[in-house]
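Contents: one structure, followed by commentary.
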Amino acid sequence: MSESEKPWSREAQARRRAEVAAHCREVLRPHLMADGKRADDVLAHNWDTEDRLRAWAALAFLQGDAADGALGNALIRSVVVSGGIDRGEGVWPICEFELLPCINACYRYADRLETETRQMVKEWVGRSLQPLTTRDSHFMGYNDNFPIMSTHVLILGGQLAGRKESVKQGRANLLELRSLLTRRGTPSEFGVGYWTHRLEPIAGIASDAEDDEIRRVAVAIEERLWAEVVFNWHPVLKHQGGASARGMGPESVQTILHMYHVFGREVELAGLDHWSALDGPGLARRQRAYGLEPKTVDTYMLAYANGFAHDEYHVPDRLAQFMYHKPYPFNYSATAEVGPWTDRFYHTPGSDGKSVLHVKPDAPFYAGHSVVLRTHFRPHFVLGSSSTQFYCGSISRPWHLQYARRDRAENLSDLGNWECRYVINDKPVGKEATYWDSPDHARQAGGPVYPAGWDEGRSFILQHEGATLCLTRPKYREHWAVTSLRQDVALSQHFGSCGQIHLGNHHLANRVGESQHSETIFINEETVFIAFRPLVGRFLGREVAIRIREENRYLVLSFYNYRGPARSMTAYEMAYLGNGFVCEVAEAGDYGSFDEFCKTMLAAEVLDDTHHGARTVRYARDELELAMAIDPVMEHIIFATINGRARPEPQLAATGIECQTLPFLGHDQEQRGKTNLSWAKPIHERPDGQVILDYKKVWRP
């Protein structure tokens, strides 16, 4: 394939970049005044409240005609005025989401920036560089998008403001990320999540850094970040598979424009083009699935897509091919690391309008740990999991099943999308609910933007190809008045309904049923067969063990640990209430019939035992045995075996490619993580424990 024929080539990206920007201008322009403020009520409310939306959109207007350019300048100035204001304590608020696109405007569209705009950005950047040298800007196992954006601001913002020390600190951050990718397969914020906010800053550094070494390292890091994206992309489903540190929407439409910009129409569903996230037939259904009013323009996804699409990306040919074709079965495996976390701090609104900090003394701590990721691809489905969750796990997606109901998926109705969560006190699926941190205060509400809701449990998962063993238990939340404890596995039916369902030997013609026993649930989607075997290790009392129902456009399978009168529970009682499931997914062609699949699954045996506090579960059938033992209180996986052998934990592995040839995974000294940097050292700590770095003493002379 010649360079001009590659959909991911530099020239092809440039054409689509201009197209995305033009569409952004066309949709937004009629609803904006010359100063960037809304002219009507059609734009989603977050246009006024999120500065980053206006900053991303400004990049599109700077590519238009003179009037558009003036509007782009006005938008950037509005962001600087809002983001650069002194809050009264002499502290300049820093948000990389807003700084980064303003800096990029100075590099990409310098000839379109007015003198006043450029000067305002330079002054704002100059004030913002020092705070970005704290430990919050380092790679410590949390939201990698923020330290990556900080690195971008330090390097490119440092160049813009003439601060060599900041560029040097940004280089140190970049090499720290290289060290992370030398010991792990993927960043801590794994999966679909915010991967766009990781790739865009690194691609910008690779394009605009003045230092040759910084550019070279950034290009190599970008290759590793693209590896995760392309290895988790299913060419038939046209969707990102696998587990995710952050749960996304029912169909993850926010990736459509991003994928289109880099890889072209070939990665889109035949009947669902790249504008479908924003306009066209079916928009109302998609918006309601996200909790939005159909009459509004969703400024977030539109501006967000443009913010990603203004850059040029450097995708190696050998990786790009996996976006279009994969050898089946295809397996992806990687490791990641997660820092420790706690639910003990939360805020509530005060009478003076300021938030009030609360400390919950008996809240659990979640230990830092490493994560094993698995994704298994077959022609019609992709099944992915993470061995544990991303810190508190409330919005993570540790288990994810997607499949196509037809050989050639042409619409969202052809796709199935399953996720799981643990639920305390019967919160609805796919609808906003209140989550309590104490009997007096609700911390936050989680709506359908996280399709199955907030996860109130902890999951431990072992996967071998199309089989997963998932052990869960409730978190110590809302323990003072517990009326229900259940594990949910939910299928989004916003666009298409589930196929044939059996509960044990009974066919559920109307997709509703229940049982007092833990029976296996079988699902026939014509192209794939699915079996769910509930694992309710211990329960307190319940009138039903399994309930299958349809709720808010979801098909929900619920496995109960408790359902009854309100009761108070201790942390240990909740930790030892084991739940979970075994899920097996197979191509329909692997079996002679659906009945044969059901018989094979029914022949499986399960041992679920708790002894001396450890829960051990073994699942065995034919030539497959999955076994795992966990400490549910300390949240350790004691052992995990596949057919009697310890599960493999490769740093990074994918079918059809020698991953040791990817950057930082080889055997030469540089790729082993030699960084030649002096680590930033804390000078003192504030009373609240936050580490403060002396900006002038970060680097040894």
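Only heavy atoms go into these numbers, but all of them, side chains included; no hydrogens, no water, no symmetry mates.
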Cationic N near anionic O, under 4.0 Å, Asp414 to Arg406: yes
We want to know whether Glu5 and Ser2 form a side-chain donor-acceptor pair, criterion being a heavy-atom distance below 3.5 angstrom. yes
Distance-only side-chain donor-acceptor flag, Tyr554 / Asp488, under 3.5 Å: no
Do Asn104 and His152 have side-chain atoms, one donor and one acceptor, less than 3.5 Å apart? yes
Which heavy-atom pair separates Gly170 from Leu154 by the least distance, and what is that distance? CA-CB, 3.7 Å
About how many Å separate CG of Leu225 and OH of Tyr313, when rounded to the nearest 0.5 Å? 11.0 Å
Is the NZ or CZ atom of Lys326 positioned over Phe330's six-membered ring, under 6.0 angstrom from the centre and within 45° of the axis? yes
salt_bridge(Arg318, Glu223) N-O dist < 4.0 Å: yes
What are the two closest heavy atoms between Pro187 and Ala336, and how far apart are they? O-CB, 3.7 Å
Listed by chain and number, what are the salt bridge (Lys or Arg N to Asp or Glu O under 4.0 Å) partners of Glu228, not counting sequence neighbours? Arg198
Check the side chains of Gln463 and Thr468 for a donor-acceptor pair under 3.5 angstrom, ignoring hydrogens and angles. no
Trace of the salt bridge (charged side-chain N to carboxylate O under 4.0 Å, His left out) decision for Arg215 with Glu213: CA-CA 5 Å; Arg215 284 200 311 276; Glu213 182 201 14; over 6 Å; no
Please report the interatomic distance CD(Gln169) to CG(Leu132), rounded to the nearest 0.5 Å. 9.5 Å
Between Trp418 and Phe532, does the ring centre distance come in under 6.0 Å? yes
Residues which pass ring pair (Phe, Tyr, Trp, His ring centres under 6.0 Å) with Tyr107, listed by chain and number, not counting sequence neighbours: none
Under the side chain to side chain contact (heavy atoms under 4.5 Å, CB included) test, residues paired with Ala467 that sit two or more places apart: Glu584, Leu624, Leu626
Any carboxylate oxygen within less than 4.0 angstrom of a Lys/Arg side-chain nitrogen, looking at Glu19 and Arg16? no
With sequence neighbours left out, the residues meeting side chain to side chain contact (heavy atoms under 4.5 Å, CB included) with Ala105 are Leu59, Leu62, Ile76, Leu113
Parallel, tilted or perpendicular: rings of Phe308 and Trp195 (30°, 60°): perpendicular
Just by distance, no angles: are the side chains of Asn143 and Tyr391 close enough, under 3.5 Å, to form a donor-acceptor pair? yes
Minimum-distance pair of heavy atoms, taken over all atoms of Cys420 and Phe581: CB-CE2, 4.1 Å
Do Arg421 and Glu419 sit within salt-bridge range, that is, some charged N less than 4.0 Å from a carboxylate O? no
For Thr151 and Arg171, which I'm curious about, is there any donor-acceptor pair between the side chains at under 3.5 Å? no
With His234, the ring pair (Phe, Tyr, Trp, His ring centres under 6.0 Å) member among Tyr328, Tyr403, Tyr332, Phe381: Tyr328
Quick one: pull up CG in Leu373 and OG in Ser386 and give me the separation to the nearest 0.5 Å. 6.0 Å
Donor-acceptor pair between Arg374 and Ser385 side chains, under 3.5 angstrom: no
Nearest non-hydrogen partners of Phe322 and Gly656, listed with the distance: CZ-O, 4.0 Å
Glu98: what forms a salt bridge (Lys or Arg N to Asp or Glu O under 4.0 Å) with it, not counting sequence neighbours? none
Between the side chains of Ser150 and Glu96, does any donor sit under 3.5 Å from an acceptor? yes
Identify the heavy atoms of Val219 and Ala206 that sit nearest to each other, and give their distance. CG2-CB, 3.6 Å
Those residues that, when tested against Asp407, pass side chain to side chain contact (heavy atoms under 4.5 Å, CB included) (two or more places apart): His380, Thr527
Is it true that Glu456 and Lys475 make a salt bridge, defined as a side-chain N closer than 4.0 Å to a carboxylate O? no
To the nearest 0.5 Å, atom CD1 of Ile103 lies from atom CG of Leu156 at 7.0 Å
In Å, rounded to the nearest 0.5 Å, how long is the span from CD1 of Ile221 to NE2 of His314? 13.0 Å
Measuring from atom CG of Leu180 to atom CG of Leu175, what distance do you get when rounded to the nearest 0.5 angstrom? 12.5 Å
Can you list everything that forms a side chain to side chain donor-acceptor pair (under 3.5 Å) with Glu266? Sequence neighbours excluded, please. none
I'd like to know if Arg224 pairs up with Glu222 as an ion pair, taking the criterion as any Lys NZ or Arg NE/NH1/NH2 lying under 4.0 Å from an Asp or Glu carboxylate oxygen. no
Looking at side-chain heavy atoms only, is the closest gap between Ile657 and Leu319 below 4.5 Å? yes
Ring pair (Phe, Tyr, Trp, His ring centres under 6.0 Å) involving His197 - partner list, sequence neighbours excluded: Trp56, Phe97, Tyr194, Tyr304
Pi-cation contact, Phe139 with Arg178 (under 6.0 Å, within 45°): no
Tell me, with the steps shown, if Glu525 and Arg405 meet salt bridge (charged side-chain N to carboxylate O under 4.0 Å, His left out). CA-CA 6 Å; Glu525 289 280 25; Arg405 296 185 172 102; 3.1 Å; yes
Is a side-chain donor-acceptor pair under 3.5 Å present for Thr299 with Asn46? yes
What pairs with Asp590 under side chain to side chain donor-acceptor pair (under 3.5 Å), at least two apart in sequence or on another chain? Arg378
Could you tell me which non-hydrogen atom of Cys659 sits nearest to which non-hydrogen atom of Ala654, and how far apart they are? SG-N, 3.6 Å
Does the separation of the ring centres of Trp226 and Phe263 fall below 6.0 angstrom? yes
Not counting sequence neighbours, which residues clear side chain to side chain contact (heavy atoms under 4.5 Å, CB included) with Asn331? List them please. His376, Glu465, Thr655
By the salt bridge (Lys or Arg N to Asp or Glu O under 4.0 Å) test, which pairs, at least two apart or in different chains, include something from residues 333-342? Arg183-Glu337, Arg184-Glu337
For Tyr142, check ring pair (Phe, Tyr, Trp, His ring centres under 6.0 Å) against everything at least two apart and list the hits. Trp341
Basic-acidic side-chain contact under 4.0 Å: Arg108, Asp208: yes
Judged by modelled atom types alone, do Thr375 and Asn232 share a side-chain donor-acceptor pair under 3.5 Å? yes
